[in-house]
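Because only heavy atoms are used, hydrogens play no part in the values below, and waters and symmetry mates are left out as well, while side chains stay in. Throughout, protein chains are lettered first and strands after them, A, B, ... in sequence-line order, and every chain is numbered starting at 1.
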Amino acid sequence: MTLTDLQQKLKDRIRVAASEIFGVELDQLNVDQPPKPELGDLAFPVSFELAKLVKQKTGEKQNPRVIAEQLKARLEDVDEVERVEIAGAGYINVFFDRARLLSLIARPELTGRGPAEDERPKKMVEHTSINPNKAAHIGHVRNAVLGDTFVRILQAAGDRVEVQNYIDNTGVQVADVVIGFIHLQKMDLDQIKALDALLTKDYPFDYYCWDLYTKVGLFYRDGNPSGDISPAQAKLRSDVLHAIEAGDNPVAELADYVATRNVECILDTMERLGIRYDLLARESDILHLHFWERAFELMKQTGVIRYETEGRHAGCWVMPFESHTGTDEHESDKIIVRSNGTVTYTGKDIAYQLWKLGRLGLDFHYNVFRTYRDGHVLWVTTTDAEAETRAGVDRPHFGGGVTVYNVIDSRQSYPQDIVARGVAAVVPEIGDDASVHFSYEMVALSPAACEELGIELSDEDRARPYIEMSGRKGLGVKADDLINQLEAGALAEVEKRNPELADSDKKATAHEVAVAALRYFLLKFTRNTVIAFDFKEALSFEGETGPYCQYAAVRTNSIFRKLGRETVHEADSLLESLAQDAEAQQRVAEVLAGERGTEIWSLLMLTQQLDDVIVQCRKSAEPANLAKYTFSLARTFSRFYHDHRILTEKDVVRRAVLIAVTKVVRARLTAALGILGINVPDQM
RNA sequence: GCAGGCGUAGCUCAGUUGGAUAGAGCGUCUGACUUCGAAUCAGAAGGUCGCAGGUUCGAGCCCUGCCGCCUGUACCA
């Protein structure tokens with residue numbers, strides 16, 4: 001029996017009682033937590049609701065407190081319930097039998113649940129999807145960390161998940177860097193390869209491209225970063241772009257090398273943070289395998305788009321958009337195919353989305369991109385039908401998801417909405433819910449952070465709350481730079497605290513601490529909060545941070561290291577025998593009673609909320625809830641740790657209780673951190 | 001104009017489908033280390049939840065109207 005089951009049992013009792021006593025059916029039944037643990041373990045505000053329903057039904061006005069009194073006896077019957085109190089204007093507060101529940105909770109957890117792997121509906125999560133033309137910055141990392149954590153949440157909740165990273169290898173951003181190599185650096189593919197081979201770890205290929213991309217931005221604008229692109233350069237860009245899209249020519253070959261190398265660098269960055277993928281879906285393959293043409297047919301057949309013969313959009317295929325009315329300045333219809341016959345980005349996105357949902361009727365070919373150290377294989381799409389047989393590895397089936405989550409920043413909400421509607425219109429049976437825009441706000445730079453980066457600001461910018469990062473302007477904090485800085489800071493701390501450790505262990509620990517700091521920093525804000533990046537805050541290891549949570553978990557481990565097996569065994573068997581030993585049960589109840597006992601008890605209750613939090617995070621798609629919960633568990637444990645000595649505790653029963661609670665905390669805290677993508681080192 | 005988001009302590013942010021005395025962290029001030037590790041803990045100060053109405057037993061949360069900020073609203077990708 002878990003706490004969730006117990007809650008359900010109590011809810012059922014209340015429903016039955018409401019029906020029998022008042023003749024009223026409750027469709028919704030809320031459970032709260034009392035503001036203080038002294039007020040009970042669960043609170044039902046149901047009496048207020050009942051008073052309303054009874055009044056509606058009979059016209060008779062009832063006092064919520066009187067109603068509560070009538071329900072009280074029904075709940076007190078339950079074995080796990082010690083007593084029930086009526087509080088305030090009519091809250092029903094339930095107090096559990098603490099000793100009894102402790103022995104239930106302290107039992108080793110049963111593993112294994114849910115149906116077999118392939119029977120579960122598949123959820124698709126697309127995240128990261130960085131333009132492969134430069135290094136990743138912290139804004140990209142927010143995307144990846146949010147996506148990766150959500151994947152872990154879904155998996156923890158028992159879902160089957162497929163993780164995709166979309167590679168826009170034929171877009172203008174790649175074209176821009178290609179122009180930089182060809183026209184600014186005057187390099188051909190062989191020279192680029194030679195350069196790449198010479199680049200060091202401190203300044204890798206994606207860093208080189210980062211700087212080159214900025215130069216191209218200036219080149220386009222004749223040296224003025226905020227100027228317009230000159231017509232001659234625009235022509236250059238468009239020619240290169242077309243060559244890349246067409247494929248099978250030297251420019252496309254060069255572009256493919258550049259894009260692929262950047263993807264490799266970005267994947268390396270992400271792996272430092274524990275982020276991995278199942279499939280890289282490349283735009284070039286979507287193009288060359290004619291996904292769009294198929295989608296176009298489907299959209300025409302279903303009447304989702306229509307051909308305009310007159311007006312401003314004459315010659316275009318448009319998708320009517322009735323939700324907002326157009327004004328003189330702004331159109332209400334979205335153009336999918338331009339009058340010159342080319343498809344817009346939105347059109348291509350609809351095709352890809354249809355494939356993800358298994359509704360396109362076409363598939364990619366696949367190749368192995370890399371194999372992670374633990375054997376997990378990352379696949380990449382290809383047009384080469386033979387690639388897979390050459391790979392000689394079993395491939396999972398890709399695509400065909402029931403729900404698709406696209407982790408894309410909130411500025412894309414308009415086009416994302418159109419994609420979702422377009423898809424839903426083509427295949428009405430799957431509905432709008434199948435496409436979820438997992439949106440988040442950007443990471444911007446605080447004015448202070450800009451100054452630290454040595455970026456000059458205009459007076460206008462200085463007055464703003466934050467400054468948007470820009471790859472084109474080279475304005476941003478590179479992910480690897482920040483991770484390096486975090487690792488250096490953590491290493492200094494580790495060296496101070498654990499001088500006896502081997503250098504490799506120190507570095508490994510510092511790495512785990514750095515990952516914890518960065519991931520937690522990006523997860524503690526809710527998705528629709530703009531993060532104004534601040535170095536001091538991001539580099540902090542104190543207070544509400546990842547390392548704080550880690551530290552609490554490390555402490556639980558060090559307690560067990562020092563306790564010795566016998567003592568732990570003794571504690572385990574004492575709690576196991578509770579059901580048969582009335583005297584021991586009485587003693588445990590005493591330990592858990594009173595002010596000190598309540599502190600221990602409320603910590604134990606908090607550990608039991610993890611499953612509910614996971615379920616809630618899956619539903620709300622909000623990883624910040626889990627981050628907040630994890631911090632609060634770590635904080636509550638830290639307090640418990642200071643208030644209760646375990647190693648020196650002489651009272652055997654009391655020590656057994658403390659050990660049992662610490663054990664449960666260790667398991668839950670480690671699990672919660674794991675879902676956040678944070679590991680617990682042996683020491684730190 | 002329209003659409004979406006935001007406005008909560010000095011600063012940065014949480015706040016579940018409306019519930020009990022609005023919470024954290026940072027910063028400030030005061031305490032606690034021959035320690036189960038102080039990356040910690042305890043205490044203090046700090047609030048007209050943007051403004052004004054409304055709905056109800058009850059509103060930071062729902063409704064209406066204002067004010068302010070942000071982002072979208074391309075035959076760019």
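With B:G37, B:A24, B:A77 as the choices, the nucleotide that has an atom nearest any side-chain atom of A:Arg555 turns out to be B:G37. Taking every side-chain heavy atom of A:Lys36 into account, B:U21 is the closest of B:U21, B:A20, B:C70. Between B:A77, B:U40, B:C70, one nucleotide has an atom nearer to the side chain of A:Glu542 than all others, and that is B:U40. Set against B:G19, B:G37, B:G25, the side chain of A:Asp32 has B:G19 as its closest nucleotide. If you check B:U40, B:A20, B:G37 against the side chain of A:His642, the one that comes closest is B:U40. Relative to the side chain of A:Arg338, the nucleotides B:U16, B:U71, B:A77 differ in distance, and B:A77 lies closest. Considering only side-chain atoms of A:Arg639, the nucleotide from B:G37, B:A42, B:G15 that sits closest is B:A42.
Judged by the 6.0 Å and 45° rule, A:Arg555 forms no cation-pi pair with A:Phe637. Note that A:Arg527 lies in the cation-pi zone of A:Phe438, set by a 6.0 Å cut-off to the ring centre and a 45° limit from the axis.
One C1' atom belongs to B:G10, the other to B:C70, and the distance between them is 23 Å to the nearest Å. Going from the P atom of B:A3 to that of B:G47 covers 37 Å, rounded to whole Å. Nucleotides B:G54 and B:C11 are separated by 31 Å at their P atoms, to the nearest Å. Between B:G43 and B:G23, the distance separating the two P atoms is 14 Å to the nearest Å.
Nucleotide B:C66 has B:G50 as its partner under the Watson-Crick or G-U criteria, with both atom distances under 3.5 Å. B:G19: Watson-Crick or G-U partner is B:C57, with both key distances under 3.5 Å. When both pairing distances are held under 3.5 Å, B:G25 makes a Watson-Crick or G-U pair with B:C11. Pairing partner, B:C41: B:G31, with both Watson-Crick or wobble hydrogen-bond distances short of 3.5 Å. When both pairing distances are held under 3.5 Å, B:G1 makes a Watson-Crick or G-U pair with B:U73.
Applying the 4.0 Å criterion to OP1 and OP2 of B:U40, one finds that A:Ser638 has every side-chain N and O outside that range. One finds a side-chain N or O of A:Tyr548 lying less than 4.0 angstrom from the OP1 or OP2 phosphate oxygen of B:C41. One finds no side-chain N or O of A:Ser410 lying less than 4.0 angstrom from the OP1 or OP2 phosphate oxygen of B:G5. Contact check, A:Thr529 against B:A14: a side-chain N or O comes under 4.0 Å of OP1 or OP2. OP1 or OP2 of B:G25 sits under 4.0 Å from a side-chain N or O of A:Arg635. In this model, the phosphate group of B:A74 is not approached by any side-chain N or O of A:Arg411 to a distance below 4.0 Å at OP1 or OP2. A sub-4.0 Å separation between OP1 or OP2 of B:C6 and a side-chain N or O of A:Asn528 is present. An OP1 or OP2 oxygen of B:C75 is reached within less than 4.0 angstrom by no side-chain nitrogen or oxygen of A:Arg312.
Position along RNA chain B of the nearest nucleotide to A:Ala43 versus A:Leu241 favours A:Ala43 as the more 5'-ward residue. Position along RNA chain B of the nearest nucleotide to A:Ile646 versus A:Asp168 favours A:Ile646 as the more 5'-ward residue.
Contact annotation for A:Ala624: no contact, since no heavy-atom pair falls under 4.0 Å across all strands. Using a 4.0 Å heavy-atom distance criterion, A:Ala87 is classed as a base contact. If you check every strand for non-hydrogen atoms under 4.0 Å, A:Glu537 touches sugar and phosphate atoms only. A:Val513 comes within contact range of at least one nucleobase, with a heavy-atom separation under 4.0 Å. Residue-level contact check: A:Val494 touches the bases, meaning some heavy atom is under 4.0 Å from a base atom. At the heavy-atom level, A:Asn557 lies nowhere under 4.0 Å from the strands shown. Within 4.0 Å of A:Thr545, counting heavy atoms only, lies no atom of the nucleic acid at all. At the heavy-atom level, A:Gln683 lies under 4.0 Å from base atoms of the strands shown. Among the heavy atoms of the strands lying under 4.0 Å from A:Phe48 is at least one base atom, whether or not backbone atoms are also near. Counting any heavy atom pair closer than 4.0 Å across all strands shown, A:Asp643 reaches no nucleic acid atom.
As a whole-Å value, the separation of A:Leu445 CG from B:U12 P is 16 Å. Going from atom CZ of A:Phe525 over to atom P of B:G7 covers 14 Å, rounded to whole Å. Computed from coordinates, the A:Phe637 CZ to B:U40 P distance equals 14 Å when rounded to whole Å. Rounded to an integer number of Å, the gap from NE2 of A:His313 to C1' of B:C75 is 7 Å. To the nearest angstrom, C1' of B:A77 lies 7 Å from CD of A:Gln173. Taking atom NE2 of residue A:His644 and atom C1' of nucleotide B:A42, one finds them 14 Å apart after rounding to whole Å. The nearest whole Å value for the distance from the OH atom in A:Tyr551 to the P atom in B:C41 is 10 Å. Distance NE2 (A:His437) to P (B:G72): 13 Å, rounded to an integer number of Å.
Salt bridge A:Glu487/A:Lys507: absent, no basic N to carboxylate O contact under 4.0 Å.
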> Yes or no on salt bridge (Lys or Arg N to Asp or Glu O under 4.0 Å) for A:Asp176 and A:Arg237, after CA distance, side-chain angles and deciding distance?
Replying inline: CA-CA 7 Å; A:Asp176 288 343; A:Arg237 176 196 241 184; 3.1 Å; yes
> Can A:Glu544 and A:Lys628 be said to form a salt bridge (Lys or Arg N to Asp or Glu O under 4.0 Å), step by step?
Replying inline: CA-CA 9 Å; A:Glu544 194 194 340; A:Lys628 294 283 174 190; 3.1 Å; yes
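Rounding to the nearest 0.5 angstrom, the gap separating the OG1 atom in A:Thr636 from the CD atom in A:Glu599 is 9.0 Å.
Stacking here means ring centres nearer than 5.5 Å and ring planes tilted less than 30 degrees, and by that measure A:Phe631 does not stack onto B:A24.
Evaluation of atom-type donor-acceptor distances gives no pair under 3.5 Å for the side chain of A:Thr344 against the base of B:C75. For a distance-only test at 3.5 Å, the side chain of A:Asn93 qualifies as a donor-acceptor partner of the base of B:A20.
Ring geometry, A:Tyr548 versus A:Phe631: the interplanar angle falls from 30° to 60°, so the pair is classed tilted.
Within the 6.0 Å centre-distance limit, the rings of A:Trp317 and A:Phe296 are counted as a close aromatic pair.
A donor-acceptor contact under 3.5 angstrom links the side chains of A:Glu283 and A:Tyr166, judged on distance only.
In this structure, the side chains of A:Tyr440 and A:Phe525 stay at 4.5 Å or more apart for every pair of heavy atoms.
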